[in-house]
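Indexing begins at 1, ligand by ligand and atom by atom, following the structure's order.
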Amino acid sequence: MCGIVGYVGPRGATPILLDGLKKLEYRGYDSAGLAVHDGARVSIVRAVGKLANLEDAERRAPLAGSVGIGHTRWATHGRPNETNAHPHTVGGVSVVHNGIIENHLALRQRLEKDGVRFASDTDTEIVAHLVARGRAAGAATLLDAVRAALAELHGAYAIAVVEDASPDRLVVAKKASPLVLGLGDGETLAGSDIPALLAHTRRMVFLEDGDLAELSADGARIENAGQPVTRPTKHIDWSAVMAERGGFKHFMLKEIHEQPRVIEDTLRGRIDLVAGDVVPDEIGVTPEVARAIGRVYLVACGTSAHAALAGRYWIEQLARVPAFVELGSEVRYREPVFTRDDLVIAVSQSGETADTLAAVKTAKEAGARVLAVANVLDSAIPRAADGALYTHAGPEIGVASTKCFTAQLAALLLVAVYLGRRRGALGEGAARDLLQALVETPEKMRRVLSQAPYVFAIAKRLVQARHTLFLGRGLGFPIALEGALKLKEISYVHAEGYAAGEMKHGPIALIDAEMPVVVVCPRDAQFDKTFSNLQEVRAREGQVFAIATEGDTAIADAAQHLFLLPEARSEVLPLLTVLPLQLFAYYVADLKGTDVDQPRNLAKTVTVE
Ligand code: AGP
């Protein structure tokens, strides 16, 4: 998730672009760059690291001119360095891009066969080559060349393009990644999100997928599928703070609602439904390695350990290889017996968690193969691993992890299918059906999130509880643990997650009218047993908040508080069952007035033991 900005008008572009990028820094900040047309040609400046480094670089080599584009990067392809920083310039054409070009390898190979030499490892540079070649081949305008280039791209993009030959305009395009236009007085702006534009105008146009627009000081000409289109101009009355949170009260709530798109971005380009298979990036687990694996250890901490627990179920069910979950802080001191036949999967949002990193190093020393599932490209854990499967969740600002957790679930389910297909444990048809269900899950997540007010009503009724118990079975058990962690870490209410089957072995003594019990009880293979546990709670005056499946009348009578999910295959249920628990924790915390985005005592990344 990167941030892009564009400006064309009578004022100096550079300060406007830099200010816009500052407002988009929450979207990514491992490198940044500007391209500004001074009336004769486009000049660029780029810098690795935070935006302040770009400002320093621009002060050393000032960019004059009133047409320009800018970019702040969250790397998905190509390490975070200056070479891979946007803009990418080819033959006088400069491009900034937010998104993922799925067919970038095929396009790069075709261009290289044509003699093109790439300067970077990014998918974005391909766009600059295609547009420049279009212009060199006779495209009458920059707009024509961009239109032709986009026709060759598959995937997601929001792009902005400037060129030497067009001193008074820029071109933008949108597909699956956000792009907003700002209509000022005698000036026109573009940005990935409202915050980048709000200081200059409140009149905004939200482009739609397939839109292509030529921006000049007089305004924007928009087309779609080669035909002129008009998009409504909206008046945005948000404050700057509200705008940065997308209109949500907290980053955490914004990130909870971003999850359907995050899952779409994490799955993008990695599923081949025709072959019924997973097409992972270079994850460092070849088919031969996949077939030779004796055991899988998933190592993680906190929320990532809960994702790892779900990953364990999937790997054993789908790949039929023994799988174990180890807490980073424990395994590093347990003198574990890793061997060369082990696959160690290190799950980490930040990729910098000290306990997990130490376990990875221990596994590497024992000759185990290590796969990192991480959200930050080129962070310490992926660098220490043999390969990485990155989640594409973008920066997670809320300290309590939400969108990165579900992105980890999606990535681990892909790994399980990949291993199952390589080991012959999962047939093509079964894999296709499962992957189809996974592809359909973001839409079901949207439906669940649209019911957030029902969770708010339940949170209001339970906000005074001083303790809460979360129960779940099978894939519901990691979700129960995660729901408990979310509640305790942001609302400071004591909460415990338990395997539902364990309740009769002790925790049932806790049950009384003062103890809300959240039961993850969707219509899955464990339903009957979990439902029995729910009834045991009710028989002891416990207050039950059940997460169930639409149409489940039995549970409707048994639970005092009920949230219903759409029908879904059991393997993808964790992506749905966790959503009401995230919302529940959020609403309870917000009602209690805690610092939801930065809860007391917590750090976003624990780089110490
Ligand atoms: C999640 O809500 C917590 N903030 C914390 O448990 C976190 O998951 C844990 O510290 C692991 O972080 P990582 O995923 O960056 O390794």
Side-chain angles (χ1 to χ4, degrees), residues 74 250-256 258-259 262 266 298-311 325-332 344-361 363 370-385 388-412 470 478-493 495-497 578-579 581-586 588-589 594-609:
W74 179 267
H250 295 101
F251 274 111
M252 181 179 174
L253 188 58
K254 176 174 181 250
E255 288 158 358
I256 288 172
E258 278 180 351
Q259 291 178 104
V262 162
T266 298
L298 297 108
V299 179
C301 301
T303 282
S304 299
H306 301 153
L309 266 175
V325 173
E326 297 285 355
L327 293 174
S329 56
E330 285 295 312
V331 71
R332 62 188 297 205
V344 172
I345 302 176
V347 186
S348 175
Q349 179 280 127
S350 63
E352 299 290 345
T353 299
D355 289 327
T356 307
L357 180 58
V360 164
K361 290 176 176 171
V370 179
L371 164 62
V373 172
N375 192 51
V376 181
L377 195 132
D378 218 29
S379 50
I381 290 169
R383 285 205 312 274
L389 184 63
Y390 286 102
T391 52
H392 293 153
E396 187 172 63
I397 311 300
V399 167
S401 187
T402 50
K403 64 177 183 174
C404 288
F405 173 68
T406 48
Q408 289 168 343
L409 292 177
L412 288 167
F470 289 74
I479 301 306
L481 294 174
E482 176 60 13
L485 177 60
K486 285 284 107 28
L487 184 65
K488 69 183 118 184
E489 69 176 330
I490 64 173
S491 72
Y492 316 148
V493 170
E496 276 189 273
V578 75
L579 300 177
L581 304 191
Q582 293 171 340
L583 289 167
F584 178 69
Y586 171 79
V588 168
T594 59
D595 185 345
V596 171
D597 281 332
Q598 295 178 335
R600 69 186 183 194
N601 311 336
L602 286 183
K604 183 63 187 169
T605 303
V606 183
T607 55
V608 294
E609 285 199 31

**Q** S304 heavy atoms, cut-off 4.0 Å: which ligand 1 atoms fall inside?
**A** 8 (O), 13 (P), 14 (O)
**Q** Atom 7 (C) of ligand 1: which protein heavy atom is closest, and how many Å away?
**A** T303 N, 4.1 Å
**Q** Among protein heavy atoms, which lies nearest atom 11 (C) of ligand 1, and at what distance?
**A** C301 O, 3.4 Å
**Q** When you compare ligand 1 with G351, is there at least one nitrogen or oxygen pair between them that comes in under 3.5 angstrom?
**A** no
**Q** Among all protein heavy atoms, pick out the one at the shortest distance from atom 10 (O) of ligand 1; state its residue, atom name and that distance to 0.1 Å.
**A** V606 CG2, 4.0 Å
**Q** Which atoms of ligand 1 sit under 4.0 Å from any heavy atom of A400?
**A** 2 (O)
**Q** Taking the non-hydrogen atoms of V399, is any one of them nearer than 4.0 angstrom to ligand 1?
**A** yes
**Q** What residues form a salt bridge (charged side-chain N to carboxylate O under 4.0 Å, His left out) with E396, not counting sequence neighbours?
**A** K604
**Q** Considering only protein heavy atoms, which is closest to atom 16 (O) of ligand 1, and at what distance to one decimal place?
**A** T353 OG1, 2.5 Å
**Q** Name all residues meeting the side-chain contact (heavy atoms from CB on, under 4.5 Å) criterion together with A300; count only those two or more places apart in sequence or in a different chain, and write none if there are none.
**A** S304, A305, A308, V347
**Q** Can Q349 and S401 be counted as having a side-chain donor-acceptor contact under 3.5 angstrom?
**A** no
**Q** Between K486 and ligand 1, find which residue part has any heavy-atom pair under 4.0 Å and reply side chain, backbone, both or neither.
**A** side chain
**Q** If the threshold is 4.0 Å, N to carboxylate O, is there a salt bridge linking R332 and D355?
**A** yes
**Q** What atoms of ligand 1 come closer than 4.0 angstrom to any heavy atom of E489?
**A** 1 (C), 2 (O), 3 (C), 4 (N)
**Q** In ligand 1, which numbered atoms sit nearer than 4.0 Å to a non-hydrogen atom of S401?
**A** 1 (C), 2 (O)
